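Numbered from 1 within each chain, the chains take letters A, B, ... in sequence-line order. Computed over heavy atoms, backbone and side chain alike; hydrogens, waters and symmetry mates excluded. Nothing here was measured: the structure is a model prediction, and the numbers come from that model.
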There are 2 protein chains.
Amino acid sequence: MEEKLREHIQKRVPLTDDEFAFVLAHFTPKKYKKHQFLIQEGELVSYSYYVVSGLLKLVYSDESGKQHIVSFAMEDWWETDFQAYFTQTKATMSVDCLEDTVVFCLSLENYHKLCAGLQKFERFFLQLTISGSMAAQRRILSLLTTQAKERYEQLLSQYPALIQRVPKTLLASYLGVSRETLSRFTD
Amino acid sequence: MEEKLREHIQKRVPLTDDEFAFVLAHFTPKKYKKHQFLIQEGELVSYSYYVVSGLLKLVYSDESGKQHIVSFAMEDWWETDFQAYFTQTKATMSVDCLEDTVVFCLSLENYHKLCAGLQKFERFFLQLTISGSMAAQRRILSLLTTQAKERYEQLLSQYPALIQRVPKTLLASYLGVSRETLSRFTD
DNA sequence: TGATTAGTGTGATATACATCACTCGATACT
DNA sequence: AGTATCGAGTGATGTATATCACACTAATCA
């Protein structure tokens, strides 16, 4: 599973064995069971998480208690309440497991140490953030320009693997549509 | 106007005079008139732009020709089709001026030179991108969780200055609502 | 300065989608 | 093995918002 993280970083920047050992020393592996919380709304966010295996969801609950999926994180993606993590404020969202999940945890302190100690890591993280930013922009555009049914079809074709693993109720919440409406889309 | 850029960067990382001179040498100042295009859909994107004064809009046109505002950029913000800029592919969106606008242009080549030559710049840019990413996430959440009228009111209170300078038709397009509906929100 | 265009408001109508209420099968729990 | 709970489908109804059509004013430009 260390190799997985290494490949993930090396997709963006090459690393020597020593450099990767340095990187790895800043991460802590951890296992979670389905339904366990990694981050709870209202608490401080100690880590950002690289997902080795399993599946997480990042959820915002509005005043009326309704849940909205901000994102899913499958293998090889990162998840946390970034706002709360980077500003060291209380989480406004929560993260929990849709499946048993293995992650590498990175504390903010270790993140800073990594960036300071290895410029390549900072470069990697910048590229990761740029990718995330472009993905967010595509999602905004898709919310602005397309109807719910089309968004669902886009999701089906973009992430067919995800659809198999996530209940439709949650896909609906990610797409910003009610589960009843989504259920009528197979027509 | 150089000072403006310097202050902008120094909000995130401190710079010596020499370092700022090095940074500045990688930017080209440029002036545009209202209605002029900085980026046109279908063309390559040579620069990302730091706005010194004026106002830009980033627009996506869907198949039916309808325009959707992805973002505005006022003084002290950055604008470009980031996807096209970083991947050196053709723009899927366009950028043009709502007012006469002064920008600093940064080519991708100079961006890379800057990052390579001054780690502080890369750090600055990472922090900028993280901020942008969090803002995008807030916008996604606001599209998922709130009604158009509430989104409008949020915008009014968050960016009162913007509302004065942007026609309501364009605000509507930014909010993902028709201009007619937005026009009825003053009730 | 007179004509064109951009920006806005407003009524009437259409529609995408939410909500409520109920059913049913499949999991998971003790 | 029996019982909650979860995920899913579907009809009836309500509503936020889109669309179309038209009118009016303020910029812009020739």
Side-chain angles (χ1 to χ4, degrees), chain A residues 32-37 55 57 59-69 72 96-100 140-156 162-187, chain B residues 32-37 54-57 59-69 72 94 96-101 140-156 162-187:
Chain A
Y32 290 90
K33 288 274 170 200
K34 188 170 173 174
H35 296 132
Q36 260 193 296
F37 280 81
L55 183 52
K57 67 182 208 281
V59 177
Y60 171 79
S61 298
D62 66 24
E63 324 77 55
S64 75
K66 205 165 141 184
Q67 312 236 103
H68 304 270
I69 307 273
F72 296 106
D96 70 304
C97 301
L98 292 175
E99 302 172 357
D100 294 359
I140 288 171
L141 260 178
S142 126
L143 287 168
L144 286 179
T145 61
T146 63
Q147 314 239 109
K149 182 167 187 178
E150 202 177 330
R151 293 204 296 278
Y152 179 53
E153 282 158 3
Q154 281 174 10
L155 191 66
L156 281 176
L162 193 68
I163 279 67
Q164 308 309 316
R165 293 163 68 181
V166 176
K168 290 193 175 171
T169 306
L170 295 181
L171 291 181
S173 161
Y174 175 83
L175 291 167
V177 73
S178 73
R179 56 155 211 89
E180 293 95 330
T181 298
L182 185 112
S183 148
R184 287 182 244 257
F185 284 164
T186 20
D187 308 342
Chain B
Y32 289 91
K33 287 274 172 202
K34 188 171 175 174
H35 295 133
Q36 260 194 297
F37 280 81
L55 183 53
L56 303 175
K57 66 182 209 283
V59 176
Y60 171 80
S61 299
D62 66 24
E63 323 78 54
S64 75
K66 205 165 142 185
Q67 312 235 104
H68 304 270
I69 307 272
F72 296 106
S94 64
D96 70 303
C97 301
L98 293 176
E99 302 172 358
D100 294 358
T101 299
I140 289 171
L141 259 179
S142 124
L143 288 168
L144 287 179
T145 61
T146 63
Q147 313 241 113
K149 182 166 186 178
E150 201 177 331
R151 293 204 295 279
Y152 180 52
E153 281 157 4
Q154 281 172 12
L155 191 68
L156 282 177
L162 192 69
I163 278 65
Q164 309 308 316
R165 293 162 70 180
V166 176
K168 290 192 175 172
T169 306
L170 295 181
L171 291 181
S173 161
Y174 175 83
L175 291 167
V177 74
S178 72
R179 57 158 210 89
E180 293 95 331
T181 298
L182 185 114
S183 148
R184 287 182 244 258
F185 283 164
T186 21
D187 308 341

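The distance from atom OH of B:Y152 to atom OG1 of B:T186, rounded to the nearest 0.5 Å, is 6.5 Å. Rounded to the nearest 0.5 angstrom, A:L155 CG and A:Y174 OH are separated by 6.0 Å.
Looking only at distances, no side-chain donor or acceptor of A:R179 sits under 3.5 Å from a matching main-chain atom of A:K168. Of the possible polar contacts, none joining the B:S61 side chain to the B:K66 backbone as a donor-acceptor pair under 3.5 Å is found. At distances below 3.5 Å, at least one donor-acceptor pair connects side-chain atoms of A:S173 with backbone N or O atoms of A:Q67.
Atom P of nucleotide C:dA6 and atom CD of B:E99 are separated by 18 Å, given to the nearest angstrom. In this structure, A:E150 places its CD atom 16 Å from C1' of C:dC17, rounding to the nearest Å. The distance between atom CD of B:Q147 and atom P of C:dT19, rounded to the nearest whole Å, is 9 Å. Whole-Å rounding puts the B:Q164 CD to C:dT8 P distance at 12 Å. Rounded to an integer number of Å, the gap from A:L143 CG to C:dC17 P is 12 Å. Here the P atom of nucleotide C:dT10 and the CZ atom of B:F185 are 14 Å apart, to the nearest Å.
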Exercise. Assess whether side chain to side chain contact (heavy atoms under 4.5 Å, CB included) is satisfied between B:T146 and B:L141, documenting all intermediate values.
Key: CA-CA 8 Å; B:T146 63; B:L141 259 179; over 6 Å; no
Quiz item: Would A:T181 and A:F185 satisfy side chain to side chain contact (heavy atoms under 4.5 Å, CB included), going step by step from the backbone distance to the final call?
Solution: CA-CA 7 Å; A:T181 298; A:F185 284 164; 3.6 Å; yes
Quiz item: Stepwise, does the side chain to side chain contact (heavy atoms under 4.5 Å, CB included) test hold for B:V166 with B:L55?
Solution: CA-CA 9 Å; B:V166 176; B:L55 183 53; 3.8 Å; yes
Quiz item: Can A:K57 and A:D96 be said to form a side chain to side chain contact (heavy atoms under 4.5 Å, CB included), step by step?
Solution: CA-CA 6 Å; A:K57 67 182 208 281; A:D96 70 304; 3.0 Å; yes
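Taking five base pairs at each end of the helix from C:dT1-D:dA30 to C:dT30-D:dA1, the local helix axes there meet at an angle of 50°, rounded to 10°.
Contact annotation: A:S178 does not reach the phosphate of C:dC17 (side-chain N/O to OP1 or OP2, under 4.0 Å). Under 4.0 angstrom from either OP1 or OP2 of C:dG9 there lies at least one side-chain N or O belonging to B:S183.
Inter-residue side-chain proximity for B:Q154 and B:S142 is flagged as met; some heavy-atom pair is nearer than 4.5 Å. Side chains of A:R165 and A:L98 form no contact here, defined as non-hydrogen atoms less than 4.5 Å apart.
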Quiz item: Can you give one letter per nucleotide of nucleotides 22-30 of chain C, going 5' to 3': B for a protein heavy atom under 4.0 Å from the base, S for sugar-phosphate only, - for none?
Solution: ---------
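Comparing A:E180 and B:R151, the nucleotide of DNA chain D nearest to each residue sits closer to the 5' end for A:E180. Map B:T146 and B:H35 each onto its nearest nucleotide of DNA chain D; the residue landing nearer the 5' end is B:T146. Both B:L182 and A:G176 sit near DNA chain C, but only B:L182 has its closest nucleotide nearer the 5' end.
Less than 4.0 Å separates DNA chain C from no heavy atom of any residue of residues 167-175 of chain A. The stretch residues 60-69 of chain B touches DNA chain D through B:K66, each having a heavy atom under 4.0 angstrom from the strand.
In this structure A:Y32 satisfies the ring-ring contact (aromatic ring centres under 6.0 Å, His included) test with no other residue, sequence neighbours excluded. Residues that satisfy the side chain to side chain contact (heavy atoms under 4.5 Å, CB included) test with A:E153, not counting sequence neighbours, are A:K149.
Among the nucleotides C:dT19, D:dT17, D:dT19, the one closest to the side chain of A:R184 is C:dT19.
In this structure, B:D100 pairs ionically with B:K33, as a charged nitrogen and a carboxylate oxygen lie closer than 4.0 Å.
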